[in-house]
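Scope of the values below: all heavy atoms of this structure, side chains included, with no hydrogens, waters or symmetry mates. No experiment lies behind these values; they were computed from the predicted model shown. In this chain, residues are counted from 1 in sequence order.
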Amino acid sequence: TLKSEVELLGAGADVTTIKASTGSVVTVPTVGFRTKISGFTIDGVDKSGGSDYGIYCNDHSSPSISNVTITNTGSYGIFCFYFSSPPISNVTITNTGENGIHCHDNASPTINNVTITLANGDGIFCTGSGPKIRGSVISQNSLNGIAILWHSPPDLGTEIEPGGNSIFNNGGFDVLNDLTDEVKAEGNWWGQSPPNPAFFSGPVDYDPWLTEPPPPWPSITSVSPNAG
């Protein structure tokens with residue numbers, strides 16, 4: 001469990017590995033941006049345990065999460081819960097037991113340059129939450145690329161600020177919107193141009209779309225705390 005203004009820094013995801021076969025590997029309750037998690041691989045070893053998360057952000061926590069690889073978790077790669085709003089950048093999440101990133105109960109993470117593949121669930125699951133997703137790759141997950149339920153207003157890209165995401169080749173829909181309100185998902189690559197309307201469920205505004213895969217998203221090496 002991390003406390004405020006603590007930095008959990010490894011030498012790099014290819015060098016430093018934290019392994020744990022039971023329980024959440026890193027738990028972050030009620031901390032701000034000055035808490036940093038960066039530079040290592042989290043390996044859940046055997047994908048066992050229904051409550052085993054790679055990183056669990058709870059109760060208004062907003063740690064900076066960057067340059068991390070998360071794999072083999074029993075449940076979610078990253079669980080953002082109850083008003084948590086971590087900036088997540090340059091992260092790879094793969095081979096999770098359930099959703100890659102699970103956003104629940106007013107969570108609003110900012111997700112930049114994140115690759116989510118081979119999740120045994122949805123790539124990103126939103127319920128009562130509003131993540132902002134830019135420059136990320138969400139592909140080859142067993143259910144949906146992004147699933148949106150219950151008062152969730154995610155930002156997947158607008159005409160003024162295109163998403164620059166690559167969301168394609170997921171087992172269900174690339175975007176499943178269970179709400180009546182339209183979700184903005186403009187300026188993304190859907191694996192082909194034009195995208196097939198069958199890639200989407202519910203009201204999704206995916207026009208305009210990218211006609212080819214976007215260039216790599218600029219890397220973010222650190223996130224500064226809010227001014228003041």
Side-chain angles (χ1 to χ4, degrees), residues 57 65 76-80 84-94 96 99-117 119 121-220 223:
C57 302
I65 303 170
Y76 314 136
I78 299 176
F79 186 10
C80 300
S84 63
S85 55
I88 304 170
S89 62
N90 307 337
V91 169
T92 297
I93 301 172
T94 188
T96 55
N99 306 322
I101 298 178
H102 187 96
C103 305
H104 183 80
D105 198 358
N106 295 288
S108 54
T110 301
I111 299 168
N112 287 298
N113 194 24
V114 172
T115 297
I116 304 174
T117 60
D122 300 306
I124 299 176
F125 181 92
C126 311
T127 177
S129 297
K132 181 178 181 178
I133 306 168
R134 294 291 185 275
S136 295
V137 176
I138 304 168
S139 182
Q140 300 180 68
N141 300 290
S142 65
L143 296 181
N144 306 290
I146 300 174
I148 303 158
L149 290 83
W150 189 66
H151 302 299
S152 292
D155 177 358
L156 311 184
T158 65
E159 188 171 0
I160 295 174
E161 188 184 351
N165 302 295
S166 296
I167 308 171
F168 63 98
N169 240 7
N170 294 285
F173 298 100
D174 288 325
V175 179
L176 181 152
N177 179 17
D178 198 42
L179 311 178
T180 56
D181 294 336
E182 185 177 70
V183 168
K184 291 288 187 181
E186 300 182 17
N188 297 300
W189 169 246
W190 304 102
Q192 65 181 58
S193 178
N196 188 333
F199 295 165
F200 310 95
S201 177
V204 179
D205 178 10
Y206 55 86
D207 185 2
W209 54 82
L210 297 182
T211 58
E212 60 184 11
W217 200 255
S219 295
I220 300 173
V223 178

Kindly write out the residues that satisfy side-chain contact (heavy atoms from CB on, under 4.5 Å) with S201, not counting sequence neighbours, or none if the list is empty.
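Expected list: F173, L176.
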Mind checking side-chain contact (heavy atoms from CB on, under 4.5 Å) for P208 and listing every partner two or more places apart, or none if nothing turns up?
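Applying side-chain contact (heavy atoms from CB on, under 4.5 Å) to P208 gives E186.
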Worked verdict on I116 versus I124 for side-chain contact (heavy atoms from CB on, under 4.5 Å)
CA-CA 8 Å; I116 304 174; I124 299 176; 3.5 Å; yes
I138 side, atom CD1; N170 side, atom CG - distance, nearest 0.5 Å:
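If we round to the nearest 0.5 Å, I138:CD1 and N170:CG are 7.5 Å apart.
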Pairwise distance OH(Y76) to CD1(I78) - rounded to 0.5 angstrom:
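CD1 of I78 is found 13.5 Å from OH of Y76.
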Compare all side-chain heavy atoms of [X] with those of [Y] and state whether any distance is below 4.5 angstrom.
X    : Y    : value
K184 : E161 : no
I93  : I101 : yes
P216 : N113 : no
Q192 : F199 : yes
V91  : I65  : yes
I167 : W190 : yes
P86  : C80  : yes

Return yes if some donor-acceptor pair links the side-chain N/O of [X] with the main-chain N/O of [Y] below 3.5 Å, else return no.
X    : Y    : value
N177 : L179 : yes
T110 : P87  : no
S142 : G121 : yes
N99  : F125 : no

Look at the aromatic rings of F79 and H102 and report parallel, tilted or perpendicular, splitting at 30° and 60°.
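The rings of F79 and H102 stand perpendicular, inter-plane angle above 60°.
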Apply side-chain contact (heavy atoms from CB on, under 4.5 Å) to the pair V175 and L156, showing each step before the final yes or no.
CA-CA 10 Å; V175 179; L156 311 184; 4.2 Å; yes
When the side chains of residues 145-153 are checked against the rest of the protein, which donor-acceptor pairs come out under 3.5 Å, sequence neighbours left out?
| residue | atom | partner | partner atom | Å |
| --- | --- | --- | --- | --- |
| S152 | OG | C126 | O | 3.3 |
| S152 | OG | T127 | N | 3.4 |
| S152 | OG | G128 | N | 2.7 |
| S152 | OG | S129 | N | 3.1 |
| S152 | OG | S129 | O | 3.4 |
| S152 | OG | L149 | O | 2.7 |

